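Taking it in order: structure first as structure tokens, then the write-up.
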Amino acid sequence: MSKDSLISVVIPVYNEEDSITANHEALISVLKETERSYEVIYVDDGSKDSSFSVIEGLIQNDGKVRAVRFARNFGQTAAMTAGIEEACGEVIIMMDADGQNDAADIPLLLSKIDKGYDVVSGWRHNRQDSWARRIVSSIANKLISRVTGVHLHDYGCSLKAYHKDVIKNVRLYGEMHRFIPALASQSGASIAEVKVGHHRRNSGK
Ligand code: UDP
Ligand code: MG
């Protein structure tokens, strides 16, 4: 992957008015440090709070920010799909708006993409969610690993980087986003997993 290639960061948003700005600022400072060209695409998945006005403010301040807005809530996978369609970059990075992902991990994801991996998946090795969620996820992770034969520690982590050719060819429906690496691998994509940071939700749910 050439260092001149455009990076698209796609961020699905559902009722995240209190988190968007801080997450955005952290993201932009990391993207600037990479000295690569980028765009940020927000997908407002029918938020009922002021998320879209917050996003509009970001767009007014920065020509590299764009948005897609859904008239109602379609779910995270649908929001991701819309963002992927809108993205122009060679590399697409998926990230949450709630501040649980750490933008500082993006250079690590990019370094793996530069080495030739098609999908780089985050592994929340110090996951900051409730024990109940961690247990459910741990069972789900083992099951998905068994069934798909693509062995990752953490399928549910949204922080991932994809080569556009891989992700644009994956058809997603339902709540399928956890299976993107498995689907991509079936069409021959190479997958890497890297440890990433994880934070508690500051607000919202
Ligand atoms: N999200 C979305 N539509 C939904 C639910 C969530 O776009 O119907 C967004 C949400 O705003 C966040 C990301 O998807 O940016 C991940 O959601 P959440 O934090 O609820 O998932 P978790 O971190 O618990 O896996
Ligand atoms: Mg979250």
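All of these numbers come straight from a predicted model, not from anything done at the bench. Whatever order the structure lists ligands and atoms in, that order sets their numbers, starting from 1.
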Arg124 and Asp154 ion-paired at < 4.0 Å: yes
Ion pair check, Lys160 and Asp105, cut-off under 4.0 Å: no
Short N/O/S contact of Gln100 with the Mg ion (ligand 2) (below 2.8 Å): yes
Check ligand 1 for close polar pairs with the protein: N or O on both sides, less than 3.5 Å.
{"unit_1": "ligand 1", "atom_1": "3 (N)", "unit_2": "Asp45", "atom_2": "OD2", "d": "2.6"}
{"unit_1": "ligand 1", "atom_1": "8 (O)", "unit_2": "Asp45", "atom_2": "OD2", "d": "3.3"}
{"unit_1": "ligand 1", "atom_1": "8 (O)", "unit_2": "Asn73", "atom_2": "ND2", "d": "3.0"}
{"unit_1": "ligand 1", "atom_1": "11 (O)", "unit_2": "Tyr14", "atom_2": "N", "d": "2.9"}
{"unit_1": "ligand 1", "atom_1": "11 (O)", "unit_2": "Glu16", "atom_2": "OE2", "d": "2.6"}
{"unit_1": "ligand 1", "atom_1": "15 (O)", "unit_2": "Pro12", "atom_2": "O", "d": "2.8"}
{"unit_1": "ligand 1", "atom_1": "15 (O)", "unit_2": "Ala97", "atom_2": "N", "d": "2.9"}
{"unit_1": "ligand 1", "atom_1": "19 (O)", "unit_2": "Asp98", "atom_2": "OD2", "d": "2.6"}
{"unit_1": "ligand 1", "atom_1": "19 (O)", "unit_2": "Arg201", "atom_2": "NH2", "d": "2.8"}
{"unit_1": "ligand 1", "atom_1": "23 (O)", "unit_2": "Gln100", "atom_2": "OE1", "d": "3.0"}
{"unit_1": "ligand 1", "atom_1": "24 (O)", "unit_2": "Arg133", "atom_2": "NH1", "d": "2.6"}
{"unit_1": "ligand 1", "atom_1": "24 (O)", "unit_2": "Arg133", "atom_2": "NH2", "d": "3.4"}

Name of the residue among Arg200, Arg201, His198 meeting side chain to side chain contact (heavy atoms under 4.5 Å, CB included) with Asp129: His198
Cationic N near anionic O, under 4.0 Å, Glu39 to Lys64: no
Phe74 six-ring face occupied by Arg72 cation (under 6.0 Å, within 45°): yes
Shortest-distance N/O/S atom, Asp98 versus the Mg ion (ligand 2): OD2
Ser47 (side chain) donor-acceptor with Asn15 (main chain) under 3.5 angstrom: yes
Test of ring centre spacing under 6.0 Å for His163 and Tyr117: no
